[in-house]
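To start, the structure itself, in structure tokens.
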Amino acid sequence: MPELPEVETVIRGLTPALKGEEIANVQLRRKSLRIPFPPNLKQNLEGQKILHLTRRAKYILIHLMDGNILVIHLGMSGRMTVISAGENYTLQKHDHFIMSMKNGTRVIYNDPRRFGMIFLVSQDNLQSHKVFHHLGPEPLGNEFSALVLAARLRNKKVSIKQALLDQRVVVGVGNIYASEALYLAGINPTKRAELIKGERCERLVKSIRDVLNRAIKAGGSTLKDYRHADGELGYFQHSFTVYDKEGETCSKCRKAGSAARPCIRKIVQSGRSTYYCAKTQK
DNA sequence: CTCCTGTCCTGCCGGC
DNA sequence: TGCCGGCAGGACAGGA
């Protein structure tokens with residue numbers, strides 16, 4: 001499920017609950033998610049103090065006092081829930097990982113499809129770790145620019161939509177925001193990636209940033225403290241402009257008064273749905 | 001190198 | 001109503 005904005009919203013929700021707190025107990029309710037839990041995960045976490053939380057790509061990084069980082073990826077269906085001290089909570093199906101803090105706060109990781117990952121890596125080995133070493137630039141960071149994107153798209157024969165999903169090109173963009181960003185930039189998703197340069201590339205960079213920033217903002221403003229009444233973090237009502245809107249008329253076409261002709265189409269690219277406006281995306 | 005396919009897993013929805 | 005196929009917001013390995 002979650003792409004960069006959702007992960008970011010989860011982190012903002014977890015931070016006040018976890019920052020500075022000590023982990024008292026860890027419960028693993030199965031042996032593995034997508035990959036096995038590391039053998040000593042429980043022992044390594046219990047007694048540790050949490051310094052702070054950050055994000056890299058779609059990974060949640062929980063920095064611990066001993067120099068290790070607890071890495072959590074939500075996969076397609078992972079969710080985090082915060083339960084305050086003294087609050088009642090009955091464990092649900094697919095609650096796989098539970099971390100209880102010394103002050104009584106609990107954090108629950110639930111993931112029906114189990115495509116998520118939880119593991120530990122030392123601060124020093126983070127960059128070189130298998131899942132991190134190949135990652136491209138953060139789209140909201142200073143290192144991301146039209147020149148950088150163009151360089152990474154060079155010689156890429158795949159479609160620009162597929163390229164945006166490639167975490168070596170840019171991180172954090174998933175299937176929804178790829179469609180959304182291309183719509184905003186007015187770029188046809190089937191276009192060969194290597195053809196996107198110059199002014200179009202500028203527009204794409206700006207669109208990716210816009211779409212992600214707006215989604216993060218929506219996450220913050222529609223949730224009180226990034227948290228539902230039931231403690232669940234990071235999932236918010238957010239209306240997309242083209243995603244899942246096949247057969248509807250996009251806002252640009254509506255504004256242009258094109259007699260409300262349906263312009264949004266759905267296609268499948270390397271097995272994944274793409275939505276776009278057949279009229280405005282060239 | 002790049003590209004493409006298959007795979008992991010459960011839940012849900014639409015069609016019959 | 002029940003069953004079944006297809007699809008779902010991610011990312012990896014392996015082979016061409």
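Since we're looking at a predicted model, the values are computed, not measured. Sequence lines set the chain letters: A, B, ... in the order given, protein chains first and strands last, and positions in each chain run from 1.
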Strictly below 4.0 Å: does A/Lys130 bring a side-chain N or O up to OP1 or OP2 of C/dC12? no
Using whole Å, what does the distance between atom C1' of nucleotide C/dA11 and atom CG of A/Leu4 come to? 16 Å
Please enumerate all residues that pass side chain to side chain donor-acceptor pair (under 3.5 Å) together with A/Thr15, with sequence neighbours excluded. none
So does A/Tyr243 get a side-chain nitrogen or oxygen closer than 4.0 Å to the phosphate oxygens (OP1/OP2) of C/dG9? yes
Please report, rounded to the nearest Å, how far the C1' atom of C/dA11 is from the CE atom of A/Met117. 6 Å
Output every pair passing salt bridge (charged side-chain N to carboxylate O under 4.0 Å, His left out) with a member in residues 140-159 of chain A, not counting sequence neighbours, ordered by first then second residue. A/Lys156-A/Asp166, A/Lys157-A/Glu194
Holding to ring-ring contact (aromatic ring centres under 6.0 Å, His included), I want the full list of residues that pass it with A/Phe97, two or more places apart in sequence or in another chain. none
Please measure how far the C1' atom in B/dC3 lies from the corresponding atom in C/dG9, and state the result in whole Å. 23 Å
Would you say A/Lys156 reaches B/dT2's phosphate, i.e. side-chain N/O to OP1/OP2 under 4.0 Å? no
Test salt bridge (Lys or Arg N to Asp or Glu O under 4.0 Å) applied to A/Lys42 - qualifying residues, sequence neighbours left out: A/Glu46
What's the closest nucleotide to the A/Glu3 side chain, out of C/dG10, B/dC4, C/dC12? C/dG10
Extract all donor-acceptor atom pairs below 3.5 Å that involve side chains of residues 57-74 of chain A and protein atoms in other chains or at least two apart in sequence.
| unit_1 | atom_1 | unit_2 | atom_2 | d |
| --- | --- | --- | --- | --- |
| A/His63 | NE2 | A/Thr54 | OG1 | 2.7 |
| A/Asp66 | OD1 | A/Asn68 | N | 2.9 |
| A/Asp66 | OD2 | A/Gln48 | NE2 | 3.4 |
| A/Asp66 | OD2 | A/Asn68 | ND2 | 3.2 |
| A/His73 | ND1 | A/Gly75 | N | 2.8 |

Does A/Val158 sit in a hydrophobic cluster with other residues, and if so which ones, taking ILVMFWY side chains as linked at heavy-atom separations under 4.5 Å, directly or through other members? none
Output all residues satisfying salt bridge (Lys or Arg N to Asp or Glu O under 4.0 Å) with A/Lys49, sequence neighbours left out; order by chain, then residue number. none
Grouping ILVMFWY residues whenever side-chain heavy atoms fall under 4.5 Å, the cluster of A/Ile108 otherwise contains A/Ile83, A/Tyr89, A/Leu91, A/Ile98
Would you mind reading off the distance between A/Lys157 atom NZ and B/dC4 atom P, rounded to a whole angstrom? 12 Å
Taking only Lys NZ, Arg NE, NH1 and NH2, and the carboxylate oxygens of Asp or Glu, determine whether A/Glu138 and A/Arg55 approach each other closer than 4.0 Å. yes
Is A/Gln167 close enough to C/dG10 that one of its side-chain N or O atoms is under 4.0 Å from OP1 or OP2 there? no
Do any of residues 265-274 of chain A sit with a heavy atom less than 4.0 Å from DNA chain C, and if so which? A/Arg272, A/Ser273
If I take atom CZ in residue A/Arg34 and atom C1' in nucleotide B/dG6, what distance separates them, rounded to the nearest angstrom? 12 Å
Please enumerate all protein N or O atoms sitting under 3.5 Å from an N or O of nucleotides 9-13 of chain B, with distances to 0.1 Å.
| unit_1 | atom_1 | unit_2 | atom_2 | d |
| --- | --- | --- | --- | --- |
| B/dC9 | O4' | A/Arg113 | O | 3.4 |
| B/dC9 | O3' | A/Arg114 | NH1 | 3.4 |
| B/dC9 | O3' | A/Arg114 | NH2 | 3.3 |
| B/dC9 | O2 | A/Arg113 | NE | 2.9 |
| B/dT10 | OP1 | A/Arg114 | NH1 | 3.4 |
| B/dT10 | O4' | A/Pro112 | O | 3.4 |
| B/dT10 | O3' | A/His94 | NE2 | 3.1 |
| B/dG11 | OP1 | A/Lys93 | NZ | 3.3 |
| B/dG11 | OP1 | A/His94 | NE2 | 2.7 |

Just N and O in the side chain of A/His134: are any of them under 4.0 Å from OP1 or OP2 of C/dC12? yes
Please tell me whether A/Val121 and A/Ile118 are part of a single hydrophobic cluster in this structure, the criterion being side-chain heavy atoms less than 4.5 Å apart. no
Read 5' to 3' with Watson-Crick or G-U pairs under 3.5 Å, [ ] for crossing pairs and | for partners on another strand, DNA chain B gives .|||||||.|||||||
Test: side-chain hydrogen bond (donor to acceptor under 3.5 Å, both in side chains). Region: residues 107-118 of chain A. Which pairs qualify, not counting sequence neighbours? A/Ser77-A/Asp111, A/Asp95-A/Asn110, A/Tyr109-A/Asp111
Over how many whole Å does the gap from A/Gln162 atom CD to C/dC12 atom P extend? 16 Å
